[in-house]
Amino acid sequence: MPELPEVETARRDLNRLLKGKRIQKVRLLHPALLRNATTEEFRESLEGKRILGTGRRGKYLFLLLEGGAALAVHFKMTGRFFLFKQENDLPRHTHLVMALEGKTYLCYSDIRKFGRIYLLKGGEEKEPDEIRLLGLDPLGEEFTLEAFRDLTGSGKEIKSLLLEQHLIAGIGNIYASEILWRAGIRPERPASSLSGDEIARLFRAIPEILKTAVASGGSTLRDRTYLRVDGTPGSYQRFHKVYYRTGLPCPVCGETIEKSLVAKRSSFFCPRCQK
DNA sequence: CGCAGTGTTTTTGC
DNA sequence: AGCAAAAACACTGC
């Protein structure tokens, strides 16, 4: 459940389902998930506290707690939250269980265990570097054409640049391909080679694609690792134009979609629409 | 110092 | 059987 649209969908789902609920008991089954605190400290900070709301920056999801502390979660490749109605017989790969009022259990599962959870104590406490150094959030008001243009001066391949979380926070491999298709730009183009018009098209394509994906609840791929909090799939995969569509026709021009490697990661593009 | 490239976490499914 | 998969950090060498 990794990219911005999936994290934002989880944030909205959890906000609706958890707001005002009190955490009664915490069970951390896989302590390595928690990166910056002891299991004891984590339990003591959470147990008895209400969840006041949720937040998001890039691909980080925040659960805001009564008293000023917060939980920051990064799902990496396969992390996700779901609600469960019983304490036992938890599904495989469940690594954290938070008992809420009303015999509801907020569970975190993560097949590959790449995900990370941080305890943010609030107040004067400094955020971990990986959160503090995040770049512009493409759905935030700080994401302006001027700010975006300032990031695009280097000779790096534009797709790699879109994936750099310390520049722009939230775009991952699926949406980078979709955004570049929408903007009509090849993924391997050096950022510094883009014209003013191309920069402007790319700037507009980023929130357009991401917002549409959020409205569809994110992308659930074949393996169904990403599911919403209630277990239902997202539907933006139906609207993918190039991602994982090698050999299929471009929906606009009919040309065959190609796959290439950019910085060792699969990239999908239309050789006719993207210059 | 920046940048590119490699290796690392781990499990699953094609 | 081998490899690739939504991520991103640590590390090397130039």
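Each chain gets a letter, A, B and so on, in the order its sequence line appears, and its residues count up from 1.
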Check whether any side-chain N or O of [X] sits under 3.5 Å from a backbone N or O of [Y] as a donor-acceptor pair, and report yes or no.
| X | Y | value |
| --- | --- | --- |
| A:E3 | A:Y175 | yes |
| A:R22 | A:G48 | yes |
| A:R201 | A:A183 | yes |
| A:R186 | A:P271 | yes |
| A:H95 | A:H93 | yes |
| A:K103 | A:L100 | no |

* What distance, rounded to whole Å, do you find between the two P atoms, one in B:dG7 and one in C:dC3? -> 13 Å
* Pick the P atom in B:dT12 and in C:dA8, then give their distance to the nearest Å. => 22 Å
* Asked: Is the aromatic ring of A:F75 within stacking range of C:dA6, meaning centres under 5.5 angstrom and planes under 30 degrees?
  -> no
* Asked: List DNA chain C stems (3 or more consecutive Watson-Crick/G-U pairs, under 3.5 Å)?
  -> B:2-9 with C:7-14, B:11-14 with C:2-5
* Anything under 4.0 Å to a heavy atom of chain A counts; send over the first and last such nucleotide of DNA chain B, read 5' to 3'. => B:dA4 to B:dT12
To the nearest angstrom, how far is [X] atom [atom1] from [N] atom [atom2]?
| X | N | atom1 | atom2 | result |
| --- | --- | --- | --- | --- |
| A:I179 | C:dA6 | CD1 | C1' | 14 Å |
| A:E6 | C:dA6 | CD | P | 12 Å |
| A:R80 | C:dA7 | CZ | P | 18 Å |
| A:Q165 | C:dC9 | CD | C1' | 12 Å |
| A:R265 | C:dA5 | CZ | C1' | 9 Å |

* Asked: Base, sugar-phosphate alone, or nothing: which one does A:R92 contact when heavy atoms must sit under 4.0 Å apart?
  -> sugar-phosphate
* To do: Under 4.0 Å between any heavy atoms, over every strand shown, what does A:S154 touch: base, sugar-phosphate, or nothing? Just pick one.
  => nothing
* Out of C:dA8, C:dA6, C:dC9, whichever nucleotide has its closest atom nearest the side chain of A:T225 -> C:dA6
* Given C:dA5, C:dA8, C:dA6, the nucleotide with the shortest approach to the side chain of A:P2 -> C:dA6
* Who pairs with A:K59 by side-chain contact (heavy atoms from CB on, under 4.5 Å), at least two apart in sequence or on another chain? -> A:V7, A:H74, A:Q165
* Are A:L161 and A:I174 connected, step by step, through hydrophobic side chains (Ile, Leu, Val, Met, Phe, Trp, Tyr) whose heavy atoms are closer than 4.5 Å? -> yes
* Structure fact -> Of A:Y60 and A:S266, the one whose nearest nucleotide on DNA chain C sits closer to the 5' end is A:S266
* Structure fact -> Judged by nearest nucleotide, the residue sitting upstream toward the 5' end of DNA chain B, A:R222 or A:K264, is A:K264
* Closest contact, heavy atoms only, A:P249 versus A:G254 -> CB-O, 3.6 Å
* Could I get the full list of ring-ring contact (aromatic ring centres under 6.0 Å, His included) partners for A:H166, not counting sequence neighbours? => none
* Which residue pairs satisfy the ring pair (Phe, Tyr, Trp, His ring centres under 6.0 Å) criterion with at least one member in residues 105-125 of chain A, sequence neighbours excluded? -> A:F81-A:Y108
* Asked: What is the ring orientation for A:F62 with A:Y60, classed by angle as parallel under 30°, tilted 30 to 60°, or perpendicular over 60°?
  -> parallel
* Quick one: is C:dA5 close enough that its OP1 or OP2 comes under 4.0 Å of any side-chain N or O from A:K76? -> no
* **Neighbours of DNA chain B within residues 234-245 of chain A, by heavy-atom distance under 4.0 Å** => none
